[in-house]
Q: 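I'd like to ask you about the structure that follows.
Lettering of chains follows the sequences in order, A, B, ..., and the numbering in each one begins at 1.
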Amino acid sequence: MSQDVPQAELDELEAQFQARIDAEEKIEPKDWMPEAYRKNLVRQISQHAHSEVIGMQPEGNWITRAPTLHRKCILLAKVQDEGGHGLYLYSATETLGTSREELVQALHDGVAKYASIFNYPALTWADIGAIGWLVDGAAIVNQVSLQRTSYGPYSRGMIRICKEESFHQRQGYHIMMTLMQGSEEQRAMAQDALDRFWWPSMMMFGPHDAESAHSARSMKWKIKRQSNDELRQKFVDQSVAQAEEIGLKIPDPELKWNEERGHYDFGEIDWEEFSRVVSGNGPCNRQRLQHHIRVHEEGQWVRDAIAAHEEKKRQRAGKAAA
Amino acid sequence: MSEHMKLYEVFIRSRRGLDHKHVGSLHAEDPQQALEYARDIYTRRSEGVSIWVVNSSDITASQEGDCESFYDPHDDKPYRHATHYQLPEAVNNM
């Protein structure tokens with residue numbers, strides 16, 4: 001479409017678009033937008049959607065093994081929420097003219113990414129606590145910020161998701177708290193889960209601002225409202241007191257309150273591990289993707305049945321009209 | 001004549017960034033005319049920046065009378081709410 005529009009007119013449209021964003025107005029689906037803005041949004045929102053859906057796997061693994069019926073009900077409700085959140089986000093990308101099928105195909109082809117945290121296994125029940133407390137905690141820090149994103153459907157989706165997700169972090173923390181009130185083995189299990197999930201949770205905010213490939217333009221377009229490092233700092237600051245309250249120790253020897261900055265200082269992320277997991281070589285990358293592909297293929301008969309039923313209804317309607 | 005004109009439901013977005021909200025309905029010959037009528041009837045005081053019109057017959061609605069069976073058993077899942085989890089005062093703003 002862009003090729004048919006003269007450059008001067010494009011510049012004018014882009015100036016109007018940027019003025020709207022600078023004035024804190026939302027961009028809505030039928031507004032003109034630069035192709036790169038659309039592409040950037042599809043990439044980010046679909047990555048977010050895939051994360052919700054792939055994130056169901058490590059937790060789903062524990063539904064049948066939850067320690068009580070009550071915890072099982074809670075975990076089921078949480079995993080069901082994640083599926084719903086994936087749906088809201090896929091719908092938001094569909095308003096940008098990209099179909100669900102294309103997005104799922106890109107995931108299966110390995111072109112589209114999802115949050116690397118879900119490439120780590122949930123080995124113990126305490127991991128379900130750590131995931132809710134830290135992984136959902138980190139996701140909420142990010143999503144609260146994204147409620148102010150410039151694209152209307154994404155922003156509204158984030159508002160809905162944040163509202164629904166308020167219980168996810170609390171139930172995770174509640175699991176950790178309960179374990180910390182238990183036996184020595186249970187406390188050790190909780191600490192072990194924190195030890196394994198702390199750094200991968202810190203990685204959820206992405207590379208340092210200086211190294212982030214899409215950050216500068218995303219900030220100019222207000223797709224992102226706060227930088228990776230700002231959000232990570234916020235997460236650290238809120239997590240320290242939460243850990244201390246129940247007697248857990250965050251596995252970072254460099255973690256220290258900095259009076260001058262009014263924030264905690266913390267150690268460096270293992271960026272080699274970060275790249276390794278992002279590029280497909282984390283503990284569970286292949287398993288996560290294979291599982292998604294297998295379940296998608298096994299569901300083909302359902303999609304076929306729906307199509308056949310639609311066709312039958314159409315034919316009947318045609319006969320009745322004739 | 002209303003019996004020859006279709007019924008449309010009208011939704012208005014009052015401001016950028018907000019959802020379209022149902023405001024009422026009207027009769028019109030086609031969607032374009034429905035939009036113009038909606039503008040004249042529902043936005044005389046700058047109530048909106050965008051209007052949607054939808055054929056009323058295209059809306060499939062659930063009935064309030066069916067609530068009990070339709071939504072069952074949502075009411076016995078208090079653990080879906082944040083308030084269900086009692087946390088220490090110091091971290092209760094989570």
Side-chain angles (χ1 to χ4, degrees), chain A residues 20-21 23-31 69-78 80-81 132-133 136-137 140 147-157 159-160 162-178 180-181 238-247, chain B residues 6 8-23 30-36 38-39 42-43 46-55 57-62 69-94:
Chain A
R20 184 164 273 161
I21 286 179
E24 288 294 324
E25 285 183 12
K26 299 291 181 212
I27 304 301
E28 296 294 348
K30 297 201 169 184
D31 292 339
L69 181 59
H70 186 60
R71 293 287 187 197
K72 180 176 177 165
C73 291
I74 293 170
L75 190 55
L76 257 176
K78 179 179 189 296
Q80 189 184 21
D81 272 359
W133 170 37
D136 285 83
I140 290 169
Q147 291 181 116
R148 292 167 54 236
T149 190
S150 60
Y151 187 56
Y154 191 25
S155 160
R156 292 189 288 275
I159 292 168
R160 195 161 295 131
C162 283
K163 197 170 153 225
E164 294 186 357
E165 217 159 57
S166 58
F167 96 76
H168 294 186
Q169 191 187 15
R170 289 174 72 92
Q171 66 84 34
Y173 188 80
H174 196 271
I175 290 173
M176 294 301 252
M177 187 176 85
T178 309
M180 290 306 285
Q181 291 161 355
Q238 75 179 33
S239 299
V240 175
Q242 293 166 357
E244 278 172 0
E245 179 68 26
I246 51 177
Chain B
K6 287 188 201 130
Y8 286 86
E9 300 299 324
V10 181
F11 300 81
I12 291 181
R13 161 177 283 150
S14 57
R15 196 158 52 75
R16 272 179 178 277
L18 299 182
D19 288 307
H20 284 78
K21 247 182 142 170
H22 186 244
V23 291
D30 59 38
Q32 193 53 44
Q33 191 183 51
L35 267 186
E36 286 164 10
R39 174 199 61 199
Y42 290 108
T43 63
S46 313
E47 282 92 341
V49 293
S50 164
I51 303 174
W52 283 349
V53 290
V54 182
N55 268 149
S57 58
D58 286 340
I59 291 180
T60 308
S62 70
S69 58
F70 194 64
Y71 293 107
D72 185 64
H74 282 199
D75 286 344
D76 60 5
K77 293 181 169 52
Y79 48 82
R80 281 188 196 276
H81 299 274
T83 46
H84 179 72
Y85 304 88
Q86 305 286 322
L87 300 186
E89 196 48 46
V91 296
N92 203 27
N93 62 350
M94 190 182 296

Q: Chain B heavy atoms under 4.5 Å from A:His70: which part of the residue, side chain, backbone, both or neither?
A: side chain
Q: With a 4.5 angstrom heavy-atom cut-off, which part of B:Arg13 approaches chain A: side chain, backbone, both or neither?
A: side chain
Q: Quick check for you: among B:Ser50, B:Pro88, B:Ala90, which has the greatest number of heavy-atom pairs under 4.5 Å with chain A?
A: B:Pro88
Q: With sequence neighbours excluded, tell me which residues meet salt bridge (charged side-chain N to carboxylate O under 4.0 Å, His left out) with B:Glu47.
A: none
Q: Counting a contact as any heavy-atom pair under 4.5 Å apart, which residues of residues 71-78 of chain A contact chain B?
A: A:Cys73, A:Ile74, A:Ala77
Q: Do other residues, nucleotides or ligands put more than 12 heavy atoms under 6.0 Å from the NZ atom of B:Lys21?
A: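 Open: at most 12 neighbouring heavy atoms sit under 6.0 Å from NZ of B:Lys21.
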Q: Yes or no on side chain to side chain contact (heavy atoms under 4.5 Å, CB included) for B:Tyr79 and A:Phe167, after CA distance, side-chain angles and deciding distance?
A: CA-CA 8 Å; B:Tyr79 48 82; A:Phe167 96 76; 5.6 Å; no
Q: Using heavy-atom distances under 4.5 Å, tell me whether A:Ser166 contacts chain B through its side chain, its backbone, both, or neither.
A: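 Both parts, backbone and side chain.
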Q: For side chain to side chain contact (heavy atoms under 4.5 Å, CB included), just list the numbers for A:Gln80 and B:Arg80, CA-CA rounded to whole Å, side-chain angles, deciding distance to a tenth of an Å, and then say yes or no.
A: CA-CA 11 Å; A:Gln80 189 184 21; B:Arg80 281 188 196 276; 2.8 Å; yes
Q: Could you check if a side-chain atom of A:Glu28 sits within less than 4.5 angstrom of a side-chain atom of B:Val49, using non-hydrogen atoms only?
A: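 A:Glu28 does not reach B:Val49 side chain to side chain.
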Q: Heavy-atom distances under 4.5 Å only: say whether A:Arg170 touches chain B with side chain, backbone, both or neither.
A: both
Q: Which value, rounded to the nearest 0.5 Å, describes the distance between B:Met94 atom CE and A:Asp136 atom CG?
A: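 It is 11.5 Å, given to the nearest 0.5 Å.
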Q: Within this structure, what is the CG-CE distance for the pair B:Leu87 and A:Met177, rounded to the nearest 0.5 Å?
A: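 Here the interatomic distance stands at 5.5 Å.
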Q: Could you walk me through whether A:Gln238 and B:Asn93 pass the side chain to side chain contact (heavy atoms under 4.5 Å, CB included) test, one step at a time?
A: CA-CA 10 Å; A:Gln238 75 179 33; B:Asn93 62 350; over 6 Å; no
Q: Kindly give the heavy-atom pair with the smallest separation between B:Leu18 and A:Arg156, and that separation in Å.
A: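 Heavy-atom minimum between the residues: O-NH1, 3.6 Å.
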Q: Give the member of A:Ile27, A:Ile140, A:Asp31 that has the highest number of heavy-atom pairs under 4.5 Å with chain B.
A: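 The residue among A:Ile27, A:Ile140, A:Asp31 with the greatest pair count is A:Asp31.
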